[in-house]
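The structure appears right after this line, and notes come after that.
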Amino acid sequence: MERKVRVRFAPSPTGPLHIGGVRTALFNYLYAKRNGGEIILRIEDTDSNRFVPGAEDYINEAFAWLGIKFDEGVREGGAYGPYRQSERRDIYRDYVKRLLDAGKAYIAFDTPQELEAKRSEIPNFQYDAKTRGGMRNSLTLSADEVKSLIDSGEKYVVRFLVEPDCKVVVNDLVRGEVTVNSSVLDDKVLYKSADDLPTYHLANIVDDHLMKITHVIRGEEWLPSAPLHVLLYEAFGWTDTMPQFVHLPLLLKPDGKGKLSKRDGDRLGFPVFPLEWKDPKTGEISSGYRESGYLPEAVINFLALLGWNPGTDKEIMSMDELISQFSFGHCSKSGAKFDFEKGKWFNHKYLQELPDDKLAEMYMPLLSAHGHGDADPAMVTRVVSLVKGRINFVRDLWEQSKFFFEAPTEYAEKDVRKRWKDGMPQIMEELIGVLDGISDFSSAASEPIVLGWIAEKGYHLGNVMNAFRLTVVGECKGPHMFDITEILGKAETIRRIRKGIEEIKSC
RNA sequence: GGCGCUUUCGUCUAGCGGUUAGGACGCGGCCCUCUCACGGCUGAAACACGGGUUCGAUUCCCGUAGGCGCUACCA
């Protein structure tokens with residue numbers, strides 16, 4: 001029977017959501033939506049030691065910004081809650097008991113210190129069929145001993161009993177069949193004594209089963225424990241509804257080796273988190289894509305193409321297009337190095353798609369910060385239309401357009417040397433006269449007049465125009481000259497040429 | 001160390017037995033042009049290695065090497 005597709009993204013609230021986690025969530029989302037299914041956000045807070053306040057809110061805010069909407073979750077509600085694992089203790093206890101009663105799990109009293117001692121004493125020590133007979137557990141102790149130990153308040157964990165030498169097959173939608181021998185698996189702790197909570201493995205299987213998850217889509221770091229999960233489904237007798245597994249390739253460091261980590265962002269100067277994050281303990285701030293000027297659509301598009309492709313040359317795709325094209329058949333198997341330059345390119349592309357007035361609106365706070373909050377919106381929109389082609393971020397707008405708002409106070413030495421030749425001040429004086437005589441200062445009307453004057457005088461077009469530009473912009477770059485002067489107006493243009501004649505010293 | 005996954009330009013990747021090995025980012029050149037960008041065109045740049053299988057391997061299989069992950073009462 002075909003079950004309705006249900007997937008989940010299950011982060012633990014141990015800090016800000018890593019960009020690799022965002023990518024995993026995105027693939028879950030795309031697959032679910034592509035197949036008319038549902039996506040659940042489950043908070044896996046079964047490690048009370050690593051719990052970080054604020055992390056859960058961060059996760060919700062990040063997905064809201066990115067445009068990934070969950071069908072069920074702590075905030076969204078749903079028929080399969082609670083969606084926070086710390087609120088499901090009773091459920092887990094019940095399922096652990098089932099395993100215990102069925103003889104598929106056992107109680108172990110070994111303390112962390114005892115285990116530590118074993119590990120340093122025996123190389124490659126593993127708690128399994130070979131070694132469990134020499135440990136303190138309900139398999140080696142008599143029922144009476146176990147009972148009295150428990151009654152006396154002795155701490156214990158519950159371990160999964162792994163039968164040795166069995167072939168375990170994990171069926172993975174992107175990797176095919178992955179086979180391991182159960183002897184390489186250890187008797188994993190399913191229930192911890194330290195915080196009276198299950199481990200990831202137990203909670204994960206129980207919740208996925210109860211929440212009717214059909215596809216477990218997660219990072220490749222989980223592949224080694226997937227056989228254990230398969231064994232757990234078998235132990236519970238849930239093999240007929242066991243989800244399909246998909247292990248996604250990891251996001252790797254742009255340089256060097258290893259998977260992308262928090263440190264890489266600080267080191268290489270790009271964010272590894274969707275939103276800025278302030279560590280509640282240390283006060284340390286980690287930059288986010290949102291605060292760095294990224295458009296959420298660009299981040300989504302960029303991330304989608306890391307480890308997946310539509311099978312065509314198309315690269316710029318909206319969320320809806322991604323959804324309609326998505327499949328695991330086009331997922332790659334090997335890790336992808338994080339290419340920050342390409343990320344910038346995506347943002348550049350998406351910025352170009354924005355309407356000018358919208359971009360202008362996004363520019364306003366920055367303009368205000370530079371003391372130009374009173375700028376005319378129509379003028380700003382026009383400015384933005386002229387310079388947007390050269391920006392990767394909204395913040396680049398200032399560097400590219402500040403001369404529209406402030407007269408240059410210094411002049412690029414290199415350009416002065418090249419364009420401010422002897423006699424140029426004199427020609428600029430003439431230019432002032434020509435400009436002063438123009439009544440319609442629009443680009444279209446003024447350009448032929450100035451160009452005509454240059455031609456008539458036999459001046460060098462490039463030299464005169466660049467000297468002109470130097471006085472108005474401060475350097476030889478920027479949009480079409482007459483588009484600039486149209487916005488500046490006659491008075492300001494002439495004022496700047498005069499200022500230039502005064503201040504530019506030829507070399 | 002053990003176990004598993006993986007391997008096409010510097011990077012992200014297309015390719016699913018026969019291709020001049022394609023695209024994108026970045027880099028170089030040309031065009032456009034008053035400048036710098038944008039844009040258009042274009043150039044350099046890859047099948048890790050060794051065995052098989054096959055008429056034929058980038059493609060399938062096996063090794064080797066490299067890379068990555070896991071190896072906790074963390075997820």
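A note on names: the letters A, B, ... follow the listed sequences, proteins ahead of strands, and every chain is numbered from 1.
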Do the side-chain N or O atoms of [X] get closer than 4.0 angstrom to the phosphate oxygens (OP1, OP2) of [N]?
X         : N      : result
Thr46(A)  : A75(B) : yes
Lys192(A) : C74(B) : yes
Ser332(A) : U13(B) : yes

Should the pair His229(A) and His201(A) be assigned to parallel (<30°), tilted (30 to 60°) or perpendicular (>60°) ring geometry?
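It falls in the tilted class, 30° to 60°.
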Separation of A72(B) P from Leu197(A) CG (nearest whole Å)
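That distance rounds to 20 Å.
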Between atom CG in Asp415(A) and atom C1' in C34(B), what is the gap in whole Å?
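It works out to 12 Å between those atoms.
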Base [N] to side chain [X], donor-acceptor N/O within 3.5 Å cut-off:
X         : N      : answer
Ser225(A) : C70(B) : no
Lys188(A) : A72(B) : no
Arg175(A) : C5(B)  : no
His247(A) : C5(B)  : no

Residues in ring pair (Phe, Tyr, Trp, His ring centres under 6.0 Å) with Phe405(A), at least two apart?
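Phe405(A) satisfies ring pair (Phe, Tyr, Trp, His ring centres under 6.0 Å) with His372(A) once adjacent residues are dropped.
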Under 4.0 Å, heavy atom to any atom of RNA chain B: which of residues 14-24 of chain A qualify?
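Correct list: empty, so none.
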Ser443(A) and Asp483(A): side-chain donor and acceptor closer than 3.5 Å?
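The answer is yes; a qualifying pair exists.
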Going by distance alone, is a donor N or O of one side chain under 3.5 Å from an acceptor N or O of the other, for Ser138(A) and Tyr156(A)?
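Short answer, no.
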Got a list of side-chain donor-acceptor pairs under 3.5 Å for residues 46-55 of chain A, not counting sequence neighbours?
from, atom 1, to, atom 2, distance (Å)
Asp47(A), OD1, Asn49(A), N, 3.1
Asp47(A), OD2, Arg50(A), NE, 3.2
Ser48(A), OG, Asp195(A), OD2, 2.9

Under 3.5 Å on both distances, the Watson-Crick or G-U partner of G26(B):
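Checking every strand shown, G26(B) finds no partner, since no pair has both distances under 3.5 Å.
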Within the side chain of Glu87(A), is there an N or O that forms a donor-acceptor pair under 3.5 Å with the backbone of Tyr83(A)?
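Here the side-chain-to-backbone pair does not exist.
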